[in-house]
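I have placed the structure first, in the form of structure tokens, so that the comments after it can refer back to it.
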Amino acid sequence: METRGSRRPLLLSAAVLLVLAALAAVLTLAVRGSAERPAAGAAAGRSGPTGPAPVDLAALVDGYTAGFTPGGPYIAPDAGQRRAIADGVLGALDGQAEQAGRSLARVGYRLTEFTEAATGRRVAEIADGTDAEGRGWGRVYLDLSARTGWSVQVPHPVSDARTEALGVDLFRAAPGGVLVLAGAHRRAGADGASDVAHRADTVFAAVVEALTGRGLPGIQVHGFDEGSLPGQDAVVSSGAGQPGPVAELTATGLGRAGYAACRAWREKCGQLGGTTNVEGRFAAGLGVPWLHVELGNGLRTEPARRAAVAGVLAQTARGWAAGQG
């Protein structure tokens, strides 16, 4: 017959075994978790245990535009190709991803989504999905986090230095935007074929016209050499359209930020009023608000000043998104 004293060593041994088993299980889980954890500095977009990593849109756009040069590759799209991409953009805008994907695939474009690193918003990218990026047809980014209410248009990336960066800054600064980015230097195509601000037969023009046809107001950003207009940091105009109150509010906002803004509807601003801009003319024909904003070099290339400009333009975009003309 066992006594109380004889059972004690057996109980202690069992307890020790249980503790050791628990420690072994904890160590196994720790090792497994370490093996599954992604390495620091993993490439943006690469899958980890919680899904794709956020993507830095500024870095993505800088990488895309880095090779844009005068005389670089550009292939003029035909009407069917322009229409397919514009239809794909409208499909994505309407939340019809499958339909949009089919339209885009017909011309080698693709629709993907990612989380934008700086804002945490979901963004859709419409881009060339083939090895033919040299076609120079551009990209479109849609903010999926809010109802779409406006667009920022960048027709001359690299050529108008850092307007592509301003486009990203503005896209980030106000929700519900569409960033339309040209795909080549303005002097890449023969006979001005890639100057999308002055050619209606481009993917850029087709996309902007599709958005404008939906009633979306737009801000088109350009750059100029301050020496061509002494004493002015910026030029604000409505192109071929009537300057609504938003044009005055935008110019006033730039003034409050410390920048001299020439108002093209009542001042002499050189040849920087955007009156021959094809996207502006299309918007004017439909009576849709549209702004042409020319910015001096410092307002585009200096990050702090560029951010200040983006903040002013974001107020305009927010007003449009709220239904204010």
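Below, all heavy atoms of this structure are taken into account, side chains as well, without hydrogens, waters or symmetry copies. Numbering of residues begins at 1 and proceeds along the displayed sequence.
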- Query: Looking only at atom types and distance, does a side-chain atom of E164 sit under 3.5 Å from a main-chain N or O of V158, one as donor and one as acceptor?
  - Reply: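 Confirmed, E164 side chain pairs with V158 backbone.
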- Message: For the backbone of R263 and the side chain of E267, can you confirm whether one donor and one acceptor N or O come within less than 3.5 Å of each other?
- Response: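 Yes.
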Run the salt-bridge test on [X] and [Y] with the 4.0 Å N-O cut-off and return the result as yes or no.
X	Y	value
R162	D62	yes
D201	R82	no
R122	E116	no
R147	D94	no
E302	R306	no

- Check against side-chain contact (heavy atoms from CB on, under 4.5 Å), H198 and R186: CA-CA 10 Å; H198 298 99; R186 69 182 298 178; 4.3 Å; yes
- Quick one: salt bridge (charged side-chain N to carboxylate O under 4.0 Å, His left out) partners of E226, sequence neighbours excluded?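 Here no residue qualifies.
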- When rounded to the nearest 0.5 angstrom, what is the spacing between OG in S151 and CG in L93?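 That separation rounds to 10.5 Å.
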- Task: Report the distance from atom CD1 of I85 to atom CD1 of I126, rounding to the nearest 0.5 Å.
- Result: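 Answer for the CD1-CD1 pair, I85 versus I126, is 9.0 Å.
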- Query: Taking only residues two or more places apart in sequence, or in another chain, which ones meet Y141 in a ring pair (Phe, Tyr, Trp, His ring centres under 6.0 Å)?
  - Reply: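 Residues passing ring pair (Phe, Tyr, Trp, His ring centres under 6.0 Å) with Y141: none at all.
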- Message: Could you work out, with ring pair (Phe, Tyr, Trp, His ring centres under 6.0 Å) as the rule, every residue matching H222, not counting sequence neighbours?
- Response: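 Checked H222 against ring pair (Phe, Tyr, Trp, His ring centres under 6.0 Å); matches are H156, H292.
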- Message: Under a 3.5 Å cutoff, is there a donor and acceptor pairing between the side chains of S238 and Q242?
- Response: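 There is no such pair between these side chains.
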- Query: Are a donor atom and an acceptor atom from the side chains of W290 and Q153 found within less than 3.5 Å of each other?
  - Reply: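 Judged by distance alone, the side chains do pair up.
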Report, one line per pair, each donor and acceptor closer than 3.5 Å where one atom sits in a side chain of residues 278-286; sequence neighbours left out.
residue: E279; atom: OE1; partner: Q220; partner atom: NE2; Å: 3.4
residue: R281; atom: NE; partner: T275; partner atom: O; Å: 3.1

- Message: Could you tell me if R135 sits above the aromatic ring of Y74, with its cationic atom closer than 6.0 Å to the ring centre and no more than 45 degrees from the axis?
- Response: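 Judged by the rule, R135 and Y74 form no cation-pi pair.
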- Query: Which atom pair, heavy atoms only, marks the closest approach of T250 to V312?
  - Reply: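 Looking at all heavy atoms of both residues, the shortest contact is O-CG1, 3.8 Å.
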- Task: Work out which heavy atom in A205 is nearest to a heavy atom in R199; give both atom names and the distance.
- Result: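 Nearest pair, atom of A205 first, then R199: CB-O, 3.7 Å.
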- Listed by chain and number, what are the side chain to side chain donor-acceptor pair (under 3.5 Å) partners of R300, not counting sequence neighbours?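 Not a single residue meets the side chain to side chain donor-acceptor pair (under 3.5 Å) criterion with R300.
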- Set of side chain to side chain donor-acceptor pair (under 3.5 Å) partners for R83, sequence neighbours left out: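 Applying side chain to side chain donor-acceptor pair (under 3.5 Å) to R83 gives D87.
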- Evaluate whether atom CZ of R256 has more than 12 neighbouring non-hydrogen atoms of other residues, nucleotides or ligands under 6.0 angstrom away.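 Count not over threshold, so no.
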